[in-house]
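Each remark here refers to the structure printed beneath this line.
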Amino acid sequence: FEGKLDIEFVNDSTLEDVFGNPVMAYYNRKRKTVVINLALADLSAPFHEFAHPFITEINRVNPTLYKNLVKEVLSTPEGRELLKDIINTYGEKNRLLDINSLFDKMLSKYNGDIEALYKAKGLEFLFNFVNTLEDNNLISDELLAFSLEKAAEENMPPDSKFRQILNKII
């Protein structure tokens, strides 16, 4: 992606997304630019945002791999909890209102317990629910980006040069 992605730094503690949430960083697909808000970003924000173009490219070039990665994340309890959080976060702000309503209705049958839903319905059901209803792969992309962010956060040694550079920037 060298030369195909730009990075931009802003320093705005009042920057919010369309939902009113503070913005640490974001990926602008049209401009192919990762924007890091130095006033709010933490060390994981760049990993998350730089993951988006890679995730988009994986889906474009190898949709089977993309689907398998989403299924792999959904096959873990952490992935299913993350799914619940993503749907609630975006759904409550009207971006995925229909999906959020359906998801809440399904979860209510299992007392809000996504693990009970998973045990009753299985991985394919959850994957098909997300895959069938979402728009522009928002949920799937966020599942993968948050998973990569978490893995990077957990596996980066505290004394790594890269962490030191990020600490200086952010």
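Just so you know, residue 1 is the first one in the sequence shown, and it goes up from there.
Side chain of Asn131 to main chain of Phe127: no donor-acceptor pair is present (N/O by atom type, distance under 3.5 Å, no hydrogens or angles). The closest donor-acceptor contact from the side chain of Ser140 to the backbone of Asn137 lies at 3.5 Å or more, if one exists at all. Judged purely by atom type and a 3.5 angstrom limit, Asp17 uses its side chain to pair as donor or acceptor with the backbone of Asn21. Remark: side-chain polar atoms of Asp42 are paired, donor with acceptor, to backbone N or O of Ala45 under 3.5 angstrom.
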Please test Arg29 against Asp141 for salt bridge (charged side-chain N to carboxylate O under 4.0 Å, His left out), starting from the C-alpha separation and ending with a verdict.
CA-CA 13 Å; Arg29 288 182 188 203; Asp141 284 4; 2.8 Å; yes

Taking it one step at a time, do Ile36 and Val10 satisfy side-chain contact (heavy atoms from CB on, under 4.5 Å)?
CA-CA 6 Å; Ile36 308 293; Val10 297; over 6 Å; no

Worked check of side-chain contact (heavy atoms from CB on, under 4.5 Å) between Leu83 and Leu74
CA-CA 8 Å; Leu83 171 68; Leu74 288 173; 3.7 Å; yes

Show your working on side-chain contact (heavy atoms from CB on, under 4.5 Å) between Phe50 and Ile7 and close with a plain yes or no.
CA-CA 9 Å; Phe50 274 106; Ile7 185 166; 3.8 Å; yes

side-chain contact (heavy atoms from CB on, under 4.5 Å), that's the test. Do Leu126 and Leu117 meet it? Break it down for me.
CA-CA 9 Å; Leu126 278 180; Leu117 170 65; 4.0 Å; yes

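To the nearest 0.5 Å, atoms CG (Leu65) and CG (Asn59) are separated by 9.5 Å. Taking CZ from Arg31 and CG from Asp6, the interatomic distance works out to 8.0 Å, rounded to the nearest 0.5 Å. The distance from the CG atom of Leu102 to the CZ atom of Phe129 is 5.5 Å, given to the nearest 0.5 Å. To the nearest 0.5 Å, atoms OG1 (Thr56) and NZ (Lys32) are separated by 10.0 Å. Note: Ile58 CD1 to Thr64 OG1 = 12.5 Å, rounded to the nearest 0.5 Å. For the atom pair Phe54 CZ and Leu144 CG, the distance stands at 14.0 Å (nearest 0.5 Å).
When only modelled atom types and interatomic distance are considered, Thr33 and Glu8 share no side-chain donor-acceptor pair under 3.5 Å.
The nearest pair of heavy atoms linking Asn11 to Ala39 is OD1-CB, 3.1 Å. Listed here is the closest heavy atom pair of Ser13 and Leu40: O-CD1, 4.0 Å.
A salt bridge links Glu124 with Lys71: at least one charged nitrogen is closer than 4.0 Å to a carboxylate oxygen.
Looking at heavy atoms from C-beta onward, Phe125 lies in side-chain contact with Met106 at the 4.5 angstrom threshold. For the pair Asn62 and Glu57, the minimum side-chain heavy-atom distance is 4.5 Å or more.
Looking at residues two or more places apart in sequence or on another chain, you find no ring-ring contact (aromatic ring centres under 6.0 Å, His included) involving Tyr27. Qualifying side chain to side chain contact (heavy atoms under 4.5 Å, CB included) partners for Asp12, counting only residues two or more places apart in sequence or in other chains: Thr14, Leu15, Asn37.
Aromatic ring orientation, His48 versus His52: perpendicular (interplanar angle above 60°, classes split at 30° and 60°).
Sorted by first and then second residue, the pairs that involve residues 113-123 and meet side-chain hydrogen bond (donor to acceptor under 3.5 Å, both in side chains), not counting sequence neighbours, are Arg80-Glu115.
Of the residues listed (Ile55, Asp85, Ile86), the one engaging Glu142 in a side-chain contact (heavy atoms from CB on, under 4.5 Å) is Ile86, and it is the only one.
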